[in-house]
Amino acid sequence: MEYAAFDALTFDCYGTLIDWERGILAALQIDADPDYVLAAYAKLESELEAGEYLRYREVVARCYDGLAERYGLPADGRDAFADAVGDWPPFPDSPAALARLKEQFTLGVITNCDDDLFARSNARLGVEFDWVITAQQVGAYKPSPRGFEEAFSRIDVPRERILHVAQSLFHDHVTAKRLGLSTVWIDRRAGRGGGATPLAEATPDATFPDMASFADAALSS
């Protein structure tokens, strides 16, 4: 891919830049196979996000309710679990990669999150995005196209010069490709199943194991 052909990069946040799976598991402390726990979370979250719009804090709290019923968690832990979204850690390579990319590209984020929770994640990433589009702002969650459509309306760059970078085939790549975007897959799980993301099929234009290797490629072209 010729990365010099792009002016703007848009990112998914959770799973791509922020290690939400580590954050979820750390907040739950369930004595069970992590992959089973994450798959159960993925099913609950995707079903809630496909229904009538709820703030992400409430989506996560209701996911806790479902997991609590399955794994015997204390019922009074739901609010703390939802608030912990803002404490989920970045992947170690994310802040430096974003800082490097910011020197050459304008950066946006299209995230399935609330404004206040994402602001806490953004502080951990240490980069000022040129555009921030949240599910709260558009009243819908990816894979709905509304977040992407809002990005198109704000970013004064032709669609063919926007590159979307994301981990989730389900939430991001399927919709982004349908809308005519070029995409890069940050394949954080490296063949280890879907994790906290439902499985899906898509054909990204390029694949990297992490943000550091993507930044190396994007800045060398």
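Below, all heavy atoms of this structure are taken into account, side chains as well, without hydrogens, waters or symmetry copies. Numbering of residues begins at 1 and proceeds along the displayed sequence.
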D130 and K102: CA distance, side-chain angles, deciding distance, salt bridge (charged side-chain N to carboxylate O under 4.0 Å, His left out) verdict
CA-CA 9 Å; D130 298 279; K102 178 76 171 175; 2.9 Å; yes

Side chains of T10 and W131: closer than 4.5 Å at any heavy-atom pair?
no

Co-membership, hydrophobic cluster, residues L125 and L107, 4.5 Å side-chain
yes

Between F208 and D187, is any pair of side-chain heavy atoms under 4.5 Å apart?
no

When hydrophobic residues are tied together by side-chain contacts of less than 4.5 Å, even through go-betweens, does L17 share a cluster with L181?
no

Between L9 and Q104, is there a side-chain heavy-atom distance shorter than 4.5 Å?
no

Examine distances only and state if a side-chain atom of R120 and a backbone atom of D83 form a donor-acceptor pair shorter than 3.5 Å.
yes

Could you check if a side-chain atom of F105 sits within less than 4.5 angstrom of a side-chain atom of E103, using non-hydrogen atoms only?
no

Any non-hydrogen side-chain atom of F118 less than 4.5 Å from a side-chain atom of N112?
no

So do L44 and R62 actually touch side chain to side chain, heavy atoms under 4.5 Å?
no

Closest heavy-atom pair and its distance - A196, I24
CB-CD1, 4.3 Å

Checking F91 against M211 for the side chain to side chain contact (heavy atoms under 4.5 Å, CB included) test, could you report, in this order, the C-alpha distance in whole Å, the side-chain angles of both residues, the deciding distance, and whether it holds?
CA-CA 9 Å; F91 288 101; M211 281 289 297; over 6 Å; no

Give the minimum heavy-atom separation between R189 and L38, together with the two atoms involved.
NH1-CD1, 4.3 Å

Taking all non-hydrogen atoms of both residues into account, name the closest pair between V157 and A8 and its distance.
CG2-CB, 4.4 Å

Answer yes or no: is there a donor N or O on one side and an acceptor on the other, between the side chain of T111 and the main chain of I133, under 3.5 Å?
no

Neighbour count above 12 (heavy atom, 6.0 Å) for D156 CG
no

Are R78 and D65 within salt-bridge range, i.e. N to O under 4.0 Å?
yes

Do Y3 and S220 get their side chains close enough for a donor-acceptor pair, meaning under 3.5 Å?
no

Can you tell me if T175 uses its side chain to pair, donor with acceptor, with the backbone of P143 under 3.5 Å?
yes

Roughly how far apart are T106 OG1 and I155 CD1, rounded to 0.5 Å?
7.0 Å

Short side-chain to backbone donor-acceptor contact, Y56 and V85, under 3.5 Å:
no

Step-by-step salt bridge (charged side-chain N to carboxylate O under 4.0 Å, His left out) determination, E47 to K43
CA-CA 6 Å; E47 289 173 351; K43 184 175 187 298; 2.7 Å; yes

Just by modelled atom types, is the A26 backbone N or O under 3.5 Å from a matching donor or acceptor in the Q29 side chain?
yes

Under-4.0 Å salt bridge between D35 and R192:
no

Strictly distance-based, threshold 3.5 Å: is any side-chain N or O of Y64 a donor or acceptor partner for the main-chain N or O of V59?
no

So do E149 and V138 actually touch side chain to side chain, heavy atoms under 4.5 Å?
no

Applying salt bridge (charged side-chain N to carboxylate O under 4.0 Å, His left out) to R188 and D19, what does each step give before you reach the verdict?
CA-CA 9 Å; R188 294 284 190 182; D19 190 350; over 6 Å; no

Within the supplied structure, the quantity of interest is the number of heavy atoms (other residues, nucleotides, ligands) at a distance under 6.0 Å from R161 CZ; does it exceed 12?
yes

In the single-linkage hydrophobic clustering (I, L, V, M, F, W, Y; side-chain heavy atoms under 4.5 Å), do F148 and L163 co-cluster?
no

Residue E52 excluded, over 12 heavy atoms near CD under 6.0 Å:
no

Candidate pair D87 and R124, rule side chain to side chain contact (heavy atoms under 4.5 Å, CB included), full reasoning
CA-CA 9 Å; D87 299 325; R124 293 175 176 274; 3.5 Å; yes

May I ask you to decide whether E150 forms a salt bridge with R146, counting only side-chain N to carboxylate O separations under 4.0 Å?
no

Answer yes or no: is there an ion pair linking D79 with R57, defined by an N-O contact shorter than 4.0 Å?
no

Which heavy atom of F170 sits nearest a heavy atom of P198, and at what distance?
CB-O, 3.2 Å

If only side-chain N and O atoms count, and only distance matters, is there a donor-acceptor pair under 3.5 Å linking D172 with H164?
yes

Any chance the side chains of T134 and D115 put a donor and an acceptor closer than 3.5 Å?
yes

Sidechain-backbone polar pair: R178 side chain, P145 backbone, donor-acceptor under 3.5 Å
no

Separation between OG1 of T203 and NZ of K177, rounded to the nearest 0.5 Å:
7.5 Å

With the 4.5 Å side-chain cut-off for hydrophobic clustering, are V184 and I18 part of the same group?
yes

Of D93, T16, L219, I186, the one forming a side chain to side chain contact (heavy atoms under 4.5 Å, CB included) with F214 is I186

S144 side chain to A140 main-chain N or O, any donor-acceptor pair under 3.5 Å?
no

Hey, could you give me the SG/CG distance between C13 and N122, rounded to the nearest 0.5 Å?
7.5 Å

Approximate separation, where rounding is to 0.5 Å, of H171 NE2 and I110 CD1:
13.5 Å

Looking at H173 and A202, what are the two nearest heavy atoms and their distance?
CB-CB, 3.8 Å

Is any side-chain heavy atom of P204 less than 4.5 Å from a side-chain heavy atom of L169?
yes

All heavy atoms of A166 vs all of D12, minimum pair found to be CB-CB, 3.6 Å

Do Y141 and V132 belong together in a cluster built from hydrophobic side chains that touch within less than 4.5 Å?
yes

Verdict with supporting geometry, L28 and L73, side chain to side chain contact (heavy atoms under 4.5 Å, CB included):
CA-CA 8 Å; L28 289 172; L73 302 175; 3.8 Å; yes

Could you grab the distance from atom SG of C63 to atom CD of E58, nearest 0.5 Å is fine?
10.0 Å

Side-chain (W88) to main-chain (W20) donor-acceptor, under 3.5 angstrom:
no

If you count heavy atoms of other groups shown closer than 6.0 angstrom to OH of Y36, is the number above 12?
no

Using the side-chain hydrogen bond (donor to acceptor under 3.5 Å, both in side chains) rule, take D216 and S213 through it: C-alpha gap first, then chi angles, then the decisive distance, then the call.
CA-CA 5 Å; D216 288 342; S213 56; over 6 Å; no

For the residue pair E21 / Y14, report whether a side-chain donor-acceptor contact shorter than 3.5 Å exists.
no

For the pair Q136 (side chain) and C113 (backbone), establish whether a donor and an acceptor sit closer than 3.5 Å, ignoring hydrogens and angles.
no

I'd like to know whether Y41 forms a side chain to side chain contact (heavy atoms under 4.5 Å, CB included) with L67, so could you lay out the CA-CA distance, the side-chain angles of the two residues, the decisive distance to 0.1 Å, and finally the verdict.
CA-CA 7 Å; Y41 182 91; L67 294 170; 4.0 Å; yes

